[in-house]
Structures are given as C-alpha cells and as structure tokens.
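Worksheet: one structure, shown below.
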Amino acid sequence: MQAVRLFQGYLWHPREAPLDLKTLLPQEVEGARLLLDEVPPPTPFFQDGTPTHSQRFYQLTLLVLAEEPPEALKPLAEGLAPILQGILGGLPQGVGWLLLEDLRPL
C-alpha cells in the first residue's frame with residue numbers, strides 16, 4: 001500500500017483576510033485525504049505581474065492509499081475532479097487556487 005497524490009496545487013488569499021481555510025475545507029473528499037499546509041509564495045509574482053507577498057499561500061494535496069500503481073488511479077482522479085472543483089469554487093471571494101492532477105507516489 002502506498003500514498004498517491006491525485007492532485008496538488010496552491011490556494012491563496014489576501015494576508016489581511018481573516019480566513020481559516022482548514023475550517024472551510026473538508027479533511028476528506030470521497031475517501032481521499034485532503035492536506036493543507038501554509039507555505040511561502042511559490043513565485044515572487046503572479047502571471048499578471050502582481051507581487052505575491054501580499055497573499056498567504058497554502059499547498060493543497062489530495063491523496064489516497066492504494067495498492068494500484070499511480071497511473072491506474074486516473075479514473076478515480078477524473079471522478080473526483082469536479083467534486084474538488086465544486087468545493088474550491090465555493091470558498092469565499094478572494095481565495096484563489098490552482099490545482100493540477102499529479103498521480104505520483106507521496
């Protein structure tokens with residue numbers, strides 16, 4: 001049995017926003033574990049040139065314990081993608097996110 005990342009990415013929000021994302025997000029999504037850790041901004045600027053230092057960043061990882069090889073979990077990831085997007089889309093205004101399918105062992 002191994003831990004496999006299904007998705008990994010970032011969430012961010014303005015530093016002054018009094019948000020506790022860990023209370024706004026579930027710990028599990030359809031049996032997959034959702035991990036959220038505060039991290040430094042991964043880049044100094046967003047794509048539009050806006051500095052990232054005014055934001056709090058979090059690394060988000062959705063993982064499962066599986067006996068199958070990571071590539072065999074693609075159908076599971078595809079099924080969870082719209083559910084996860086719905087959860088993230090329901091976060092308060094001002095929260096940004098970028099999430100990518102990963103399918104690698106942790």
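One is the number of the first residue; the rest follow in order along the sequence.
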**Request:** Drop me the distance from L100's CG to F7's CZ, to the nearest 0.5 angstrom.
**Result:** 9.5 Å
**Asked** L19 and I87: same hydrophobic cluster, using ILVMFWY side-chain contacts below 4.5 Å?
**Response** yes
**Request:** May I ask you to test the Q59-L11 pair for a side-chain heavy-atom distance under 4.5 Å?
**Result:** no
**Item:** Cluster link L60 to L98, ILVMFWY, side chain under 4.5 Å
**Value:** no
**Prompt:** Counting only heavy atoms not in Q27, do more than 12 fall under 6.0 Å of its CD?
**Reply:** no
**Message:** Using only atom types and a distance under 3.5 Å, with no angle test, would you say the side chain of R56 pairs donor to acceptor with the backbone of V39?
**Reply:** no
**Item:** Qualifying side-chain hydrogen bond (donor to acceptor under 3.5 Å, both in side chains) pairs, either residue in residues 86-105, two or more places apart
**Value:** K74-E101, D102-R104
**Prompt:** Do L80 and L91 share a hydrophobic cluster (ILVMFWY, side-chain heavy atoms under 4.5 Å, transitive)?
**Reply:** yes
**Fill in**
L65 meets the side-chain contact (heavy atoms from CB on, under 4.5 Å) criterion, sequence neighbours left out, with M1, A3
**Message:** Would a single hydrophobic cluster contain both L76 and L99, if residues Ile, Leu, Val, Met, Phe, Trp and Tyr are joined by side-chain heavy-atom contacts under 4.5 Å?
**Reply:** yes
**Request:** Kindly determine whether F45 and T50 satisfy side-chain contact (heavy atoms from CB on, under 4.5 Å), including the steps that lead there.
**Result:** CA-CA 5 Å; F45 299 97; T50 304; over 6 Å; no
**Complete:** Taking every heavy atom of V4 against every heavy atom of P70, the minimum-distance pair comes out as CG1-CB, 3.9 Å
**Request:** Answer yes or no: is there a donor N or O on one side and an acceptor on the other, between the side chain of T52 and the main chain of P44, under 3.5 Å?
**Result:** yes
**Request:** List the atom of P75, the atom of A72, and the distance in Å for their closest heavy-atom pair.
**Result:** CD-O, 3.5 Å
**Stepwise side-chain contact (heavy atoms from CB on, under 4.5 Å) check, Y58 with K22** = CA-CA 10 Å; Y58 304 83; K22 287 189 177 187; 6.0 Å; no
**Request:** Check the pair E71 / L103 against side-chain contact (heavy atoms from CB on, under 4.5 Å), numbers first and verdict last.
**Result:** CA-CA 6 Å; E71 58 274 5; L103 297 178; 5.9 Å; no
**Prompt:** Got a second to check how far F46's CZ is from S54's OG, nearest 0.5 Å?
**Reply:** 7.0 Å
**Message:** Parallel, tilted or perpendicular: which one describes the rings of F57 and Y10, with boundaries at 30° and 60°?
**Reply:** perpendicular
**Prompt:** Is there side-chain contact between V64 and L73, with heavy atoms separated by less than 4.5 Å?
**Reply:** yes
**Request:** Output the distance between atom CG (L25) and atom CG (D20), rounded to the nearest 0.5 Å.
**Result:** 9.5 Å
**Request:** Apply side-chain contact (heavy atoms from CB on, under 4.5 Å) to the pair L63 and L6, showing each step before the final yes or no.
**Result:** CA-CA 5 Å; L63 64 90; L6 298 176; over 6 Å; no
**Request:** Calculate, to the nearest 0.5 Å, the distance between atoms CG and OG1 belonging to L36 and T61 respectively.
**Result:** 8.5 Å
**Prompt:** Quick one: does R5's side chain have a donor or acceptor within less than 3.5 Å of a partner on P105's backbone?
**Reply:** yes
**Prompt:** Under 4.5 Å between any side-chain heavy atoms of Q55 and R15, yes or no?
**Reply:** no
**Prompt:** Do I83 and V95 share a hydrophobic cluster, counting only Ile, Leu, Val, Met, Phe, Trp and Tyr and linking them when any side-chain heavy atoms are less than 4.5 Å apart?
**Reply:** yes
**Complete:** side-chain hydrogen bond (donor to acceptor under 3.5 Å, both in side chains) filter on Q2, not counting sequence neighbours, yields none
**Item:** Minimum side-chain heavy-atom gap R33-L62 below 4.5 Å
**Value:** no
